[in-house]
Amino acid sequence: MKTVKEDLQNPAFAYIAGRIDKMLVPALLYFLAHKPAHGYELIQKINESGFSEIEADPATIYRNLRKMEEDGLVISQWETQNTGPARRSYQLSPEGYQALDYCVQLITDKVTKMQAFLEQYQREVKGS
């Protein structure tokens, strides 16, 4: 497996790394790994899940989905077979699954560092 520094040479992964704290891109990748979805469905899932630290409004979600599509992480297609207006459906590309694995690696590294900080705080500051 590549290191985080090696992955940062990929512009899509560098974009993700710069925004990992907000958890929006990892949440989008996570939900799309389960099944293709429309933007509105993703907004609902993200807001209900509590994974993201920001509220998933339509402008933010669609801006991120466009960026993810430009970076090759998602593929979209228009669905017109249902009654009503056409809707764009998004699904993960193979690179998107790699990006999700990368997010998990970043999150795991961050959790490990935070846990070490909390343990040291408890030992040295609180004296527990």
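The figures that follow rest on heavy atoms only: side chains count, while hydrogens, waters and symmetry mates do not.
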- [ ] Could you pull out the closest heavy-atom pair between Ile75 and Glu69, with the gap in Å?
- [x] C-OE2, 4.1 Å
TODO: Among Ile, Leu, Val, Met, Phe, Trp and Tyr joined by side-chain contacts under 4.5 Å, find the other residues sharing a cluster with Leu118 and list them by chain and number.
DONE: Phe117
Open item on the list: Would Leu32 and Leu42 count as a side-chain contact (heavy atoms from CB on, under 4.5 Å) here? Give the steps.
Closed with: CA-CA 8 Å; Leu32 289 172; Leu42 291 166; 4.0 Å; yes
TODO: Check salt bridge (charged side-chain N to carboxylate O under 4.0 Å, His left out) between Glu119 and all other residues, then give those that pass, not counting sequence neighbours.
DONE: none
TODO: Group every Ile, Leu, Val, Met, Phe, Trp and Tyr by side-chain heavy-atom contacts under 4.5 Å, then state whether Val111 and Met23 land in the same group.
DONE: yes
TODO: For residues Thr80 and Ala86, report the shortest heavy-atom separation together with the two atoms involved.
DONE: CG2-CB, 3.6 Å
TODO: Hey, could you give me the OH/CD1 distance between Tyr90 and Ile61, rounded to the nearest 0.5 Å?
DONE: 10.5 Å
TODO: Would you kindly confirm whether Leu24 and Tyr97 end up in one hydrophobic cluster when ILVMFWY residues are joined by side chain heavy atoms under 4.5 Å apart?
DONE: yes
- [ ] Please round to the nearest 0.5 Å and tell me the distance separating atom CZ of Phe31 and atom CD of Glu48.
- [x] 8.5 Å
TODO: Search all heavy atoms of Glu79 against all heavy atoms of Ser89 and return the closest pair with its distance.
DONE: OE2-CB, 3.3 Å
TODO: Using the side-chain contact (heavy atoms from CB on, under 4.5 Å) rule, take Lys110 and Lys113 through it: C-alpha gap first, then chi angles, then the decisive distance, then the call.
DONE: CA-CA 5 Å; Lys110 188 169 283 292; Lys113 289 174 184 171; 5.9 Å; no
Open item on the list: I need the Met68 CE to Ser93 OG distance, nearest 0.5 Å.
Closed with: 8.5 Å
Open item on the list: For the CG atom of Leu28 and the CG atom of Asn64, what is their distance to the nearest 0.5 Å?
Closed with: 6.0 Å
Task: OH on Tyr62 to CG on Asp57, rounded to 0.5 Å - done: 11.0 Å
Task: Ile43 to Ala56 - nearest heavy-atom pair and separation - done: CG2-O, 3.0 Å
Task: Lys35: partners by salt bridge (charged side-chain N to carboxylate O under 4.0 Å, His left out), with sequence neighbours left out - done: Glu41
Task: Least distance between heavy atoms, Gly72 atom then Glu95 atom - done: O-CB, 3.5 Å
Task: Pairwise distance CZ(Arg87) to OG(Ser76) - rounded to 0.5 angstrom - done: 14.0 Å
Open item on the list: Set out, in order, the CA-CA distance, both residues' side-chain angles and the distance that settles side-chain contact (heavy atoms from CB on, under 4.5 Å) for Leu73 and Leu92, then state yes or no.
Closed with: CA-CA 6 Å; Leu73 306 180; Leu92 281 190; 5.6 Å; no
Task: For the student: nearest non-hydrogen atoms of Leu29 and Gly96, plus distance - done: CD2-O, 3.9 Å
